[in-house]
Amino acid sequence: MLQIENLHASVEDKDILKGIDLQIGAGEVHAIMGPNGSGKSTLASVIAGNEDYEMTEGNLLLEGEDISELDPEERAHHGVFLSFQYPVEIPGVSVTNFVKTAINETRKAQGMEEMPAAEMLKKIREKAALLEIDRKFLSRSLNEGFSGGEKKRNEIFQMAMLEPKLAILDETDSGLDIDALRIVANGVNKLRSENNAVLVITHYQRLLDYIVPDKVHVLMDGKIVKSGDKDLALKLEEKGYDWIKEEVKTA
Amino acid sequence: MSLKDKLISSYMAYEDSLDQEHLIHDIRSAAIKNFENTGFPTRKHEAWKYTPLDKMLKADYTVFPKKSNTLEYKNVKQYFLHDVDTYKVVFVDGVYSSFLSETTHEGIDVCLLSSALSKDKYRPVIEAYFNKAAETDSITSLNTAFAKEGAYIFIPAHKEVEKPIEIINFATGSEAALMIQPRNLIVVGENAHVQIIERHQSLAEHPILTNSVTEIFAEKRAYIDYYKVQNDVETASLIDSTYIKQERDSNCRVHTFSFGGKLIRNNLNFYQQGQHCDSTLKGVTIIEKKQHVDHSTLVHHQSPNCESHQDYKGIYDDSAVGVFNGKVMVDKIAQKIDAFQQNNNILISDKATINAKPQLEIFADDVKCSHGCTIGQLDEDALFYLRSRGIGKKEANALLMYAFANNVLESVKIPELKNRINGLIADKIGVQLGFDL
């Protein structure tokens with residue numbers, strides 16, 4: 001699904017990603033963990049096409065197609081979705097209208113007709129139920145005055161509506177209490193299929209109890225320094241990152 | 001002949017037709033003298049530094065149109081809040097149109113200044129209120145001298161007016177160039193509530209200069225919502241001076257939506273004369289091409305324990321020019337007031353200009369006054385967020401501008417008007433995302 005080779009990226013001439021290699025197959029969930037400032041969020045932004053970051057080297061392929069030169073909206077049309085760590089507030093535009101717009105813009109780009117209203121409504125109801133979102137919430141202005149938990153739930157609701165091929169969850173667990181975490185994780189799990197892939201970026205192991213990864217990668221100083229299965233996350237939780245730093249040094 | 005000379009000689013001819021014993025005749029005479037002495041303001045006047053009038057004054061304006069004109073309702077329906085029942089006071093080329101109007105004297109007076117000036121039963125109100133709030137600057141004086149027609153609204157104490165009142169001035173373009181000077185007098189009694197919508201609309205692309213003056217008096221605990229919809233054609237200019245005197249515990253809110261016109265100058269003045277007054281001044285300006293919109297506001301805190309809230313948003317494209325001149329004066333006696341002023345601007349084009357000048361004159365020592373002004377482009381993070389959801393750059397930009405302007409609409413209390421303004425904003429910005437805003 002996602003193929004990243006020797007990816008380098010910088011912001012304002014400062015190198016942040018220094019050669020990332022990562023392959024995520026269809027149906028897989030990968031987690032990226034790492035200390036603050038290791039480049040986790042940068043990786044998410046670069047995949048989604050944030051123009052603040054410059055990809056200086058390497059390959060970025062989605063289903064074998066080079067997406068590195070595409071605009072963020074074009075990447076979205078190809079099936080990339082980023083759940084933001086800090087979703088932006090858009091007063092005056094309701095959650096429903098925003099989601100409708102996003103879906104129809106994507107359909108338009110794919111040469112499809114707009115989604116019929118009845119189908120849209122049915123889908124909204126279905127996905128809102130999945131994330132335990134009530135109707136009032138849907139008519140509120142996007143993210144305006146939302147609590148941290150509501151913002152994250154709304155991100156996953158958008159993901160559910162857009163049905164991306166690759167979903168990147170950037171620190172989706174931050175600011176969530178345990179109930180909200182369970183709802184969000186449950187939502188993500190229900191959306192998993194053989195035709196999509198999920199990249200979970202997180203600081204803590206806690207989310208990975210609910211969204212169980214096939215692989216865990218440790219990012220440090222712009223490089224993946226260690227990969228393993230879900231047990232690696234547990235070990236990191238227990239021991240922190242220092243032991244990996246030592247390993248990297250001796251290597 | 002300059003417009004000034006023309007106006008003065010027109011006044012002399014007009015004066016012959018007036019009852020010189022009338023109780024406002026002295027006011028008129030003093031006003032024309034004022035205007036004669038000072039003339040139109042120029043850029044040398046601090047208050048007009050960024051808004052030159054000279055070009056606009058060059059047209060050969062007719063001051064008193066020769067014939068009266070009629071309009072078919074169906075042709076102007078779109079300018080009314082037609083999906084809701086309202087009172088209407090309508091003028092066509094400065095002359096009252098009984099055909100388009102819907103006035104009343106049942107419990108409230110929604111009618112004409114000309115009849116209020118001429119009938120004895122209104123005399124006490126005219127004596128008590130007429131020209132008691134308006135300033136004596138040359139532009140206002142000019143209006144005062146010619147004051148003969150406009151809306152007269154009197155709401156007695158404890159009366160809650162259920163229907164909004166629309167005051168609309170149409171210009172038909174039957175004259176090559178026309179100057180109109182509406183004069184509105186609005187008195188809202190103790191604990192009375194009213195909603196008013198004011199609009200100036202040209203129906204042809206002829207030069208129109210409107211010099212409008214509105215005096216509003218809010219008695220104790222009165223509640224007034226006033227909306228100014230400025231979406232005129234590109235040949236129409238408007239100088240709008242509004243004076244609001246508030247007694248204690250009154251609440252007055254003025255929203256100004258400036259989306260069209262050649263040159264618009266809004267002089268919006270609030271005087272808080274009793275304790276616990278609440279004043280709100282909000283505006284959305286979205287202009288392009290060579291349009292010019294100037295908001296010059298004054299909130300004069302003359303009593304303690306009052307509040308004022310100002311929030312003006314502007315979006316300027318092409319070579320459009322915006323001015324925000326927000327003055328807050330706090331008298332020594334006006335302790336414990338809370339004055340807030342916010343002015344945010346977005347310049348879309350490199351050639352667009354905004355002149356922003358907050359002015360605070362504070363003589364009391366225990367007050368809370370804050371002001372903030374921003375001039376900038378759209379938030380890049382927000383743009384990326386929208387684009388990452390598949391929304392194209394152009395549409396995302398539009399959506400953000402829409403959201404930026406929309407903020408001010410929250411406090412619009414008439415849902416139909418809110419929808420209408422929403423539509424105008426979406427239209428101006430070009431948000432065409434295929435959903436109902």
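Nothing here was measured: the structure is a model prediction, and the numbers come from that model. Below, all heavy atoms of this structure are taken into account, side chains as well, without hydrogens, waters or symmetry copies. Each chain gets a letter, A, B and so on, in the order the sequences are listed, and its residues count up from 1.
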Please round to the nearest 0.5 Å and tell me the distance separating atom CD of E73(A) and atom NZ of K393(B).
-> 8.5 Å

From D71(A) atom CG to S388(B) atom OG, the distance as rounded to the nearest 0.5 Å = 12.5 Å

Counting heavy atoms not belonging to Y53(A), are there more than 12 under 6.0 Å from its OH?
-> yes

Side chain from CB out, backbone as N, CA, C, O: work out which of these in A48(A) comes under 4.5 Å of a heavy atom of chain B, or both, or neither.
-> both

Is the closest basic N to carboxylate O distance between E74(A) and R387(B) below 4.0 Å?
-> no

Atom CD of Q78(B): over 12 foreign heavy atoms under 6.0 Å | yes

Side chain, backbone, both or neither: which part of V99(A) has a non-hydrogen atom closer than 4.5 Å to chain B?
-> neither

Within a radius of less than 6.0 Å around CD of E119(A), do more than 12 heavy atoms belonging to other residues, nucleotides or ligands occur?
-> yes

Looking at I90(A), N50(A), L82(A), which one has more heavy-atom pairs under 4.5 Å with chain B than the rest?
-> N50(A)

Once the angle between the rings of F84(A) and Y385(B) is folded into 0 to 90°, is it parallel (under 30°), tilted (30 to 60°) or perpendicular (over 60°)?
-> perpendicular

Tell me, side chain or backbone of I103(A) under 4.5 Å from chain B's heavy atoms, or both, or neither?
-> neither

At what distance, to the nearest 0.5 angstrom, does CZ of R389(B) lie from OG1 of T101(A)?
-> 13.0 Å

If every non-hydrogen atom of A102(A) is compared with every non-hydrogen atom of I391(B), which pair is closest and at what distance?
-> CA-CG1, 4.2 Å

Whatever's closer than 4.5 Å to a heavy atom in chain B on Q158(A) counts as side chain

Highest number of heavy-atom pairs under 4.5 Å with chain B among G49(A), S94(A), P164(A), S45(A) belongs to G49(A)

Does atom CG of D134(A) have more than 12 heavy-atom neighbours from other groups under 6.0 Å away?
-> yes

Per the side-chain contact (heavy atoms from CB on, under 4.5 Å) rule, which among L400(B), L386(B), L399(B) passes with V93(A)?
-> L399(B)

Would one find more than 12 heavy atoms of other residues, nucleotides or ligands at under 6.0 Å from atom NZ of K428(B)?
-> yes

